[in-house]
Each structure stands twice: as structure tokens, then as C-alpha cells.
Amino acid sequence: MKDLNILVVHGPNLNLLGTREPETYGAQTLADINNELIDLGHSFGVGLATYQSNHEGALVDRLHQAVRDGVDGIVINPAAYTHTSIALRDALLGIAIPFVEVHLSNVYKRESFRHQSFLTDIAVGVVAGFGSNSYNLALRALLAHLQQNK
Ligand code: DQA
């Protein structure tokens with residue numbers, strides 16, 4: 001898997017992980033999650049960058065930058081923008097980089113407004129409901145997908 005370049009993107013309020021609704025999102029901080037992903041990336045020999053923003057436009061800009069950076073695949077937890085953002089959908093369509101949508105919580109067990117995603121139908125796949133392990137599973141699945149489709 002050498003030479004693969006992965007970007008992990010976290011949307012709004014995920015900077016509060018660890019203190020934010022721990023019964024729903026767990027006790028791990030965003031730094032804990034990012035460090036685990038970086039270690040997992042290293043163990044597969046892939047480069048991995050992480051990015052978090054609370055701002056929709058900043059997330060769009062970072063996705064555009066992924067093309068210039070030669071990113072091969074994206075793991076994204078769009079957080080609340082999952083359910084609202086045509087701008088993120090259009091950015092992901094525009095850059096045409098394969099991505100896996102991630103949620104810590106099982107959004108389908110929660111309020112009905114969380115059942116709607118503007119991204120699921122254009123994602124390689126979705127991982128939801130496994131807490132911070134959702135990200136690990138998503139990264140493994142994305143790498144397997146990229147290997148199979150190169
Ligand atoms: C979330 C689920 C979203 O509905 C919510 O707005 C989030 C986090 C999750 O990881 O479970 O902020 O994406």
C-alpha cells in the first residue's frame with residue numbers, strides 16, 4: 001500500500017469529542033482518534049493527514065486541496081453537515097476521490113433527521129455505530145477498496 005495518500009476529515013463539533021455527549025460519542029478525544037489512525041496508516045505504510053473544521057466552507061476548501069495534494073482516498077465524518085450539506089456533496093462529487101462516510105453513533109437508531117444523508121449514495125460505503133472504532137474500520141475498508149481498484 002506504499003504511496004497511498006489518505007485524508008481524514010472531521011466536521012463540526014467533533015473537536016469537542018471526549019467531553020461532548022460521551023454517552024453517545026464516547027470518551028476518546030479527537031487527538032486520540034487521529035493518533036490511532038496515524039499509527040494504523042503507518043502500519044499499512046500509507047501517508048495519512050487529518051483535518052477538522054466547524055465551518056462548511058473550510059471543509060469544502062480542504063476537500064478541493066485534496067486534489068492538489070494527490071490524495072487517493074478520504075475518510076470523512078461530516079457530522080451534522082451529513083444531514084444538511086449539498087455543498088459537501090458537490091465538493092466530493094467535484095473532486096471525485098473515493099471516500100468512506102463515518103459516524104461514531106448509529107445514526108439510524110437516533111432522531112429521524114439523522115437518517116437522511118446527502119453523501120451516502122456517492123460514498124464507497126458507510127461505517128456507523130462503532131464509536132471511535134468506526135474510523136479504524138472505515139480506514140481498513142477504504143484501503144482494501146483502493147487496493148482492489150487500482
Ligand atoms: C455524527 C452523527 C451526526 O448526526 C451528528 O450531527 C454528529 C456526529 C456521528 O459521528 O455519530 O455530529 O456524525
Side-chain angles (χ1 to χ4, degrees), residues 1-18 20 24-108 114 116-150:
M1 304 219 189
K2 289 243 177 320
D3 301 330
L4 282 181
N5 206 352
I6 303 299
L7 174 65
V8 179
V9 177
H10 309 278
N13 300 305
L14 295 173
N15 55 312
L16 298 180
L17 286 178
R20 173 194 185 200
T24 302
Y25 297 118
Q28 277 200 300
T29 65
L30 191 62
D32 294 334
I33 290 172
N34 283 338
N35 287 335
E36 269 189 28
L37 291 172
I38 289 165
D39 286 350
L40 187 61
H42 282 162
S43 74
F44 283 109
V46 305
L48 189 141
T50 66
Y51 179 77
Q52 189 274 332
S53 179
N54 295 322
H55 304 277
E56 191 174 20
L59 292 163
V60 168
D61 286 343
R62 187 64 187 81
L63 291 172
H64 292 179
Q65 190 191 317
V67 177
R68 297 191 291 277
D69 292 348
V71 168
D72 300 293
I74 295 171
V75 171
I76 182 166
N77 184 347
Y81 289 141
T82 309
H83 319 300
T84 63
S85 182
I86 297 169
L88 280 187
R89 178 188 177 86
D90 285 349
L92 287 159
L93 282 171
I95 64 174
I97 297 173
F99 72 93
V100 175
E101 178 183 336
V102 173
H103 302 284
L104 294 137
S105 64
N106 180 352
V107 285
Y108 301 100
R114 295 185 203 277
Q116 151 82 4
S117 167
F118 280 104
L119 305 181
T120 301
D121 66 305
I122 58 166
V124 174
V126 183
V127 182
F130 297 97
S132 60
N133 202 29
S134 289
Y135 285 95
N136 294 284
L137 296 167
L139 178 57
R140 289 172 188 276
L142 177 64
L143 293 177
H145 172 83
L146 293 174
Q147 274 293 99
Q148 277 159 20
N149 291 277
K150 72 175 184 193

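Looking only at side-chain heavy atoms (C-beta outward), L104 and I33 come within less than 4.5 Å of each other. At least one side-chain heavy atom of N77 sits under 4.5 Å from a side-chain heavy atom of H103. Counting only heavy atoms from C-beta outward, the side chains of I6 and L37 never approach each other to under 4.5 Å. Using a 4.5 Å cut-off on side-chain heavy atoms (C-beta onward), L88 and V60 make contact. Inter-residue side-chain proximity for R20 and L14 is flagged as met; some heavy-atom pair is nearer than 4.5 Å.
The list of ring pair (Phe, Tyr, Trp, His ring centres under 6.0 Å) pairs with a residue in residues 120-148, not counting sequence neighbours, reads H10-Y135. Residues in residues 49-80 take part in no ring pair (Phe, Tyr, Trp, His ring centres under 6.0 Å) pair, two or more places apart or across chains. Counting only residues at least two apart or on different chains, no ring pair (Phe, Tyr, Trp, His ring centres under 6.0 Å) pair has a member in residues 74-100.
For I97, the side-chain contact (heavy atoms from CB on, under 4.5 Å) partners at least two apart in sequence or on another chain are A66, V67, V71, I74, I95. For D72, the side-chain contact (heavy atoms from CB on, under 4.5 Å) test picks out L4, N5, L146, with sequence neighbours left out. Applying the salt bridge (Lys or Arg N to Asp or Glu O under 4.0 Å) test to D69 and every residue at least two apart in sequence or in another chain returns R62.
No side-chain N or O of E36 forms a donor-acceptor pair with one of S132 less than 3.5 Å apart.
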